[in-house]
Amino acid sequence: MLLNEFLMLGAVLFCIGVYGVIVRKNAVLVLMSIELILNSVNINLLAFSLRNNSVDGHTFALYVIAVAAAEVGVGLAMVLLMYRNRRSVGLDELSEMKG
Amino acid sequence: MLSALATAWTSPSIDYHALAPEIILGGGIVLLLLLDLFLPDAKKWVLTPLASFTVLGAFIPVLTLALSNQGVRSLFDGRYMVDDFSLVMKGLFLLAGYVVILLTADHLREGDYYQGEYWFLLLTSLLGMVMMASSRDMVSIFVSLELLSIPAYMMAAWRKRDLRSNEAGMKYYLLGVFASALMLYGMSLLYGITGSTKLVEIATYLGSDLTSLRALAVFFIVVGFAFKVSAVPFHTWAPDTYQGAPTPVTAFLSVASKAAGFVALVTVVFVAFPGSHDVWQPVFWILSALTMTVGNFLALKQTNIVRMLAYSSIAQGGFILMPLAVAGVDGVANSALRSVVTYLLVYAATNLGVFAIVMVVARKTRSGEISSYGGLFSYAPGIATLMTMFMASLAGIPPFGGWFGKFTAFQSLVSAGTTWSYVLAIIGGINSAVAFGYYGKILREMWMKPVPDGDTTPVTVYSSLGVALGITSISTLVLGTFPGIVIHFGDIAGLTGAFIK
Amino acid sequence: MFSAVTEATEVILKSGWFLEHAYIIPLIPAIAFALIIFFGKKMPMKGSEFGILSMFGALAMSAGAAYQWIQRVNGAPEEAYIKPVIKTWTWWQNNGFSFGIGQHIDGLSITILCVVAFISSLVQIYSTEYLHGDRRYTHFFASLTLFSAGMLNMVVAENMIQLILGWEIMGLCSFMLIGHWWEEGANSRAALKAFFTTRTGDIGLLVGTSVLFFSANDWTQKNLGVSGFSIRGLSAWALSGHPGHAAITVGAVALFIACIGKSGQFPLHTWLPDAMAGPTPVSSLLHSSTMVVAGVFLVARLYPVFFKGMNIMGTSLNFIVLIGGITIVIAAALAFVQTDIKKVLAYSTVSQLGYMMMGLGAGAWLPAVFHIFTHAFFKACLFLGAGSISHSASHHSFDMKKDMGGLRKFMPITFATWILSTLALCGVFPFSGFFSKDEIIDNVGHNGYTFFMIIGLSGAFLTAAYMTRATYLTFFGEPRGAAAGEHHEEEHGHDTPAAHDDHGHDDHAHDSHDAHAHDSHDDHGSHGPRESGRIITIPLIILATLAIGSGFLNAAPFGEKWENFKKWVEPRAEVVSITGIPAPTGGAGEARIAEGTTDTTVPAPDAAVSSDSVVPVDGEVVSEEPVADGEEPMPMYDEKSAEVVGAEGEAMHESPCGTETPEHGVCYAPQLHHAPFKWSKAAMSMIIVFAGMLLSWLLCVQLYDRKNKKLVGLTKRNKLLGAGYLFLENKYFLDTLYEKIIVRSIAHPIARAAYWFNQNVLDGIVNGAGICTKTVAGWVYRNVDQKLVDGAVNGAGTTAENAGGALQPVQSGKVNQYGALLFGAAAIGALVLVIINF
Amino acid sequence: MLASDVLVAQNVGFAIIAAIMVVGALRVVTTKNVVHAALWLVVVLAGAAAQYVLLAAEFVAITQVMVYIGAVMVLFLFGTMLTRARIGAEQDLNNKNWFIGLPIAVLLLATMLMALNDGFKAEKLPVDAPVVTTQQVSDQIFGAYLLPFWALSFVLLAAAIGAIVLARRD
């Protein structure tokens, strides 16, 4: 297996995630796109862990998973809050402050 | 084969003195949470003093550590360092946190907030900052960053029924996650290239091969922190979040959170990337120039005071970034670090003071517009004078602290002596003149405009706000009048791993 | 700092308590400021007593210091270097940087100290009456006192940081004071404009100071043991031949930009006339005699730096002399078209500052400093006179055309002091302006700047002319408007904007807020013009006396004996030898100086004298000092030694402090030459001045008395003049003169040629020159001054705001777009970096 | 090319899983149905777990399944339901930013691929690497990375409590 196979898969996922966060208006979908990005990072970390013959990458990946879970929790709480106040989860409506 | 199999696990030896600030904060957090759970509502007032005593209590070991002669304390195999730099920054975070607690105390009581949870989040975020100051490997830095950010996201949205507060929290959260994703990607690449997460080892292994990947990794990490310090073009969240978040939270974000971003940035750049200055120097140059200029120009257009202060704080961030643009030049690294530390100290004192006044005035006028400051001098001369002092400090007029921060920044630039550093110095000079345009606007409102609604009842300054104002104004004045004190902090702020190997 | 480094003969200089403790002078008003802020409102005089007492204290100390300085100079050998009285306390230091505060007292600082303390005292007294009943009376005095503290601090400053501190305090205070009556939008705009413009210049000050510090610090530390901020160190460094050309030039240019801003030099002069929006005492103190000379003072203070950096005396043109020259003419021309009396004076100030700058730029250091000295008195007198008129005669209006005229009958004291000061300003012979301004012009020419000498003379002509016009409009003719007792509101009708010199009404600097100040007690419009009260007239009289007398301090026409100012103030370009790194600085009474001389056979007799014992207290002269007043120089002092430097006796360059470099010594001032006084030159300039007055007078009579506003009409009338017709009804004695000189000669049969000459040439000159000047100046005022320069200043602000506006769409409020920006910037940055590092 | 150098099974496995993941990820960001997007995300996350196994990281793979598919996905589904998204297709999920998003994503991808290609070229991963044991990971977590672990507990605590406060009705 080539190292770059994994890395490029990671890069593709990353960029799809980036596309997602830019074009998705629904906040829940944006959160899903973020998960894509974070997963690409984990693929990278584990591939490098294998390449460098060290365990640090595994640990790092576990921390990333845990933090990602926390972030999703917070994000969904905010989405709920937003929904409760505005009856909508469209991010475009969050433009009361600008300029 | 993975060699780690062979080594049996041994319990890591922990220097509890070195970890005492973190432990005290952590204990306080847990205690706060438990008390919040079990105390009846009538006794919930206990939480506020508990929070402030926790912060002050955590400050004690910072002092004892600073006074002990043991030098650098290295924990967890060099992944966590308690050196002078980290102690200075921990002190800054804790004091800033204390002032924010003072700012919040009455605000919380009057508003519709969950108090116990608010203190819990504030202290958690502070814990993240305190850990950030000592973290010397990528995992610690990442976790500390999240530890300080996640509570801050929620604090920004803490005014639950306010649409603006929701919006502030959501924007801050989303962009924060985007930025930390980018940073994580950069960290993963860095780990791949060097095979280590320890900053010192990264510096050793980060050779000149794999140049394009190295550039990518360094750049993404810098971007991640550039978001945190709201450097243009990664600043977009800042004005909206500052405006929408509860004012004490804004003060916290614009001072402590920004300082934490700088601490991380400085640590990573100086400890891990000293050899890659060909990558980050131009990046910082552009970031700094853009940040100052865009921040200033947009600040000129603002009519809302907090929003203007947001842009002002963006622009100030540009000044703090200035010395980093030349920190790779031989012999400048030390003075650049000193300048960043000095500027952060001065900026923290001044900006917290400004927000204290914003809160005092908003309590009376119930408005965030700059025009609501009209005639402030006629009914609150003391407040107007203090505000003038803070504005003068932000604009860099001696003898208030701000001038000295700018002075050290320019000093680093000039001592680098390259063409680009001079150009940046000139851009900085022009910007510091432009900045007076909007600081002067406030001064003009306060001193030379009539009171908008003719209501000249004097403002009430609650005792906690008064203490906050006292601390910040005296620090601003003292830092500007006797810069020797702040220089002393700057001097001892050597960064272990970068300068004291 | 030097005393320990010499092996050469030492001369003991007298000192005294006042000299040694001059640093107290700025502290007095600073403390008074705090007292006013905290206790002012509760005091019987609302805090003004603190201000006035502190200024008296400062004045007394300055006078004491001046006396002791004169003793010090008189007691020294004729060619000895008079060491300034320097003290430094370290304020703070870190690696490589040591910032001190202290004092640097020499002739220059003593001069300015006295002027500032004196004028401030008078202005404060005057203000107690002028601002009586003002709602921000206490604040006004607080600002005024702090302002004086800032200026005094700048003057005594030992190093650049201290100087900048004072400089900035002045800036802040001027902001407060100009905007004192902020209820009128124009005033607060003017205040912001003043602050903003001077702050723009101040960038130059910071940049220049940093550049000089980084270039000079090593040298000064090594050779003098002082930091690169030290004024003394910088002076020595500049003349040592060590500085690189680029560094010192950049430093000097940057500093000079600050001076342009502060001293209202072209093209940053526009704030000064606008700043007349402040109360008149403020105009008098800040914008005529003290704050605006800060820039000139800085040039004079760091003269060696500018001397080297700008290549003064090296070529026939340099930046300073050019800016000074331009300013003289531009401002003087502008003064012609003002209807506001304070604006005439403001432009006059700008023009006079141009003289000082031009003098400094052309190597006429002493005349320029002397002009600061004399100008302060007569200009303060003029401003206070204008204030007196508005206070008592014209209902707080400053419009000469609408609200004044004929006031000489009502205000004899104001009129007399005004005339005396005007004569001084014009430089008429025995008045003080003559001795300073004429010396500047003379020396500029003498130093080879012939073109600028002509500029100076034209400036003198214009000065005479516009002051005559202002005097005529104010004191002669018939009372108009408010001066005639008309009601205040009426003269605000916009019916008669004079076509030839209308300027924007919005920037009228009416002190209309005096009205607010007097609401409580004033009886508006119920009385005609009258003389002001004693509190106002006494300062006027004192100042007018000085306007006459102060010139005699340096009356070159009467020979060397009269050139006291030169002796006391001008630093001597003697070389002081140094060898190696000096010992730590001496004690408080560091009064010894070193003379560069080869003759070291006689050991210094005072080697064992402790520094304490050479400090005479309170002006007492310690008798053991070997040099007595006015006696022969010390016996071992060798006349030639000034040209021979260094312990080894190497033959040094002939002019060590000129363009050449001393090898083992330093000097603190460049060698300058003084033009010998010639009556012929003085006579020439007098003729020019009188010609200016005369022409202007004629023009004024034509324009204002005859209400003959159009060129066509004037020409027509001049034809009638040919018949000797209309002048008969002229009732002014100078009109008779006019009639005799011109009309008779026209009427005379042998004067057909003269008639032609008159019709075509004199008329052309009188009308043409006058109207041309007015037209051109009006055009310049409208287009260049108000549009271009103002436009540039305002435009910069507008551009900045527009740029901000252009950026605002980026801040769209849409979080997806923020994300796009974040990732987009990251992508582009990454692409660039990857390609670079590929 | 020797057979031992080319791990056919693994390479084929990687390719198939990678293809499924990419398709899944694309559907996540393009589908018109929020619930479908969540299900596609499950596909991607499961694929990632499979890749982790290929990368000799079984513990991480199991964690991935448990945390993401077990917990995070449930959160997402709850979030979707609580915000009353329709189960069917919706029109209003995207904004008009595709013309910005697409170039940025492509540019970023090009840059990253270029750098990766330049950096690691055809570097192979070791073929006989043993599976990292859970003990090794735990040794690290409770050794060198103890402090971040401690901090992580506060992160989760803060997230949990903060999220409750924000999300609860009151």
Side-chain angles (χ1 to χ4, degrees), chain A residues 3 7 10-11 14 17-18 21-22 27 30-31 33-38 40-64 66-68 70-75 77-79 81-86 89 91 93-99, chain B residues 1-5 137-139 142-143 145-147 149-151 153-154 156-157 160-174 176-178 180-198 213 239-244 298 301-304 307:
Chain A
L3 171 63
L7 300 185
F14 189 95
V18 167
V21 300
I22 295 174
V30 171
L31 293 182
S33 305
I34 291 171
E35 293 308 311
L36 291 179
I37 298 178
L38 292 176
S40 82
V41 171
N42 275 354
I43 294 177
N44 269 11
L45 282 172
L46 293 170
F48 284 132
S49 188
L50 191 59
R51 177 216 183 210
N52 293 331
N53 195 15
S54 79
V55 189
D56 297 295
H58 291 244
T59 318
F60 204 159
L62 287 171
Y63 282 84
V64 172
V67 167
E71 275 181 350
V72 170
V74 172
M78 288 213 185
V79 172
L81 187 60
M82 178 183 166
Y83 180 76
R84 188 164 305 133
N85 281 323
R86 296 170 187 266
V89 289
L91 290 178
E93 289 173 27
L94 292 178
S95 56
E96 203 162 293
M97 295 174 292
K98 60 187 169 192
Chain B
M1 281 295 289
L2 295 173
S3 55
L5 264 182
D137 81 315
M138 290 196 295
V139 179
F142 168 64
V143 176
L145 186 71
E146 295 300 331
L147 181 55
S149 302
I150 287 179
Y153 301 150
M154 292 183 286
K160 282 176 63 179
R161 290 190 192 81
D162 181 0
L163 296 185
R164 292 186 168 215
S165 184
N166 294 169
E167 187 178 330
M170 194 66 169
K171 282 178 175 170
Y172 187 27
Y173 166 77
L174 283 178
V177 175
F178 298 165
S180 64
L182 262 181
M183 186 194 68
L184 266 182
Y185 194 86
M187 283 183 167
S188 76
L189 288 181
L190 207 55
Y191 168 64
I193 299 167
T194 61
S196 172
T197 61
K198 239 163 89 177
L213 262 187
D240 297 0
T241 303
Y242 286 9
Q243 189 185 348
L298 280 170
K301 295 291 279 188
Q302 301 307 323
T303 53
N304 180 294
R307 203 167 173 83

(message) Minimum heavy-atom separation for B/A157 and A/L81, please, with both atom names.
(response) O-CD2, 4.0 Å

(request) Measure distances from A/A68 to the heavy atoms of chain B and classify the residue's part below 4.5 Å as side chain, backbone, both or neither. (result) neither

(request) Might you point out which heavy atoms bring B/K171 and A/S95 nearest each other, and give the distance in Å? (result) NZ-CA, 4.3 Å

(request) Search all heavy atoms of A/L7 against all heavy atoms of B/Y185 and return the closest pair with its distance. (result) O-OH, 4.3 Å

(request) Would you name the heavy atoms of A/I37 and B/A181 that are closest together and state the gap between them? (result) CG2-CB, 3.4 Å

(message) Assess the residue pair A/Y83 and B/N166 against the criterion (side chain to side chain contact (heavy atoms under 4.5 Å, CB included)); give the C-alpha distance rounded to whole Å, side-chain angles, the decisive distance to 0.1 Å, and a yes or no.
(response) CA-CA 10 Å; A/Y83 180 76; B/N166 294 169; over 6 Å; no

(message) Which atoms of A/L45 are under 4.5 Å from chain B, going by heavy atoms: the side chain, the backbone, both sets, or neither?
(response) both

(message) Report which part of B/L189 has an atom under 4.5 Å of a heavy atom belonging to chain A: side chain, backbone, both, or neither.
(response) both

(message) I'd like to verify something: which residue of A/D56, A/L3, A/V79 has the highest number of heavy-atom pairs under 4.5 Å with chain B?
(response) A/D56

(request) Looking only at non-hydrogen atoms, find the nearest pair between B/A168 and A/M97 and report the distance. (result) N-CE, 4.1 Å

(message) Quick check against the 3.5 Å criterion: does A/E96 have a side-chain atom that pairs as donor or acceptor with the backbone of B/E167?
(response) no

(request) List the atom of A/E71, the atom of B/Y173, and the distance in Å for their closest heavy-atom pair. (result) O-OH, 2.6 Å

(request) Before giving the answer on side chain to side chain contact (heavy atoms under 4.5 Å, CB included), spell out for B/L174 and A/L31 the whole-Å C-alpha distance, their side-chain angles and the decisive distance to 0.1 Å. (result) CA-CA 8 Å; B/L174 283 178; A/L31 293 182; 4.3 Å; yes

(message) Using side chain to side chain contact (heavy atoms under 4.5 Å, CB included), reason through A/V30 and B/F178 one step at a time and then give a plain yes or no.
(response) CA-CA 10 Å; A/V30 171; B/F178 298 165; 4.1 Å; yes

(message) Using modelled atom types and a 3.5 Å cut-off, is there a donor and acceptor pairing between side-chain atoms of A/R51 and backbone atoms of B/G192?
(response) yes

(message) If you count heavy-atom pairs within less than 4.5 Å of chain A, which of B/D162, B/T241, B/V177, B/T197 leads?
(response) B/V177

(message) Tell me whether the rings of B/Y191 and A/F48 are parallel (<30°), tilted (30 to 60°) or perpendicular (>60°).
(response) perpendicular

(request) Measure from the side-chain N and O atoms of A/N52 to the backbone N and O of B/S196, and report whether any donor-acceptor pair falls under 3.5 Å. (result) no

(message) Report which part of B/S149 has an atom under 4.5 Å of a heavy atom belonging to chain A: side chain, backbone, both, or neither.
(response) neither

(message) Which atoms of A/V18 are under 4.5 Å from chain B, going by heavy atoms: the side chain, the backbone, both sets, or neither?
(response) neither

(message) With a 4.5 angstrom heavy-atom cut-off, is it the side chain or the backbone of B/Q243 that approaches chain A, or both, or neither?
(response) both

(message) Does any backbone or side-chain atom of A/L91 lie under 4.5 Å from a heavy atom of chain B? Answer side chain, backbone, both or neither.
(response) side chain

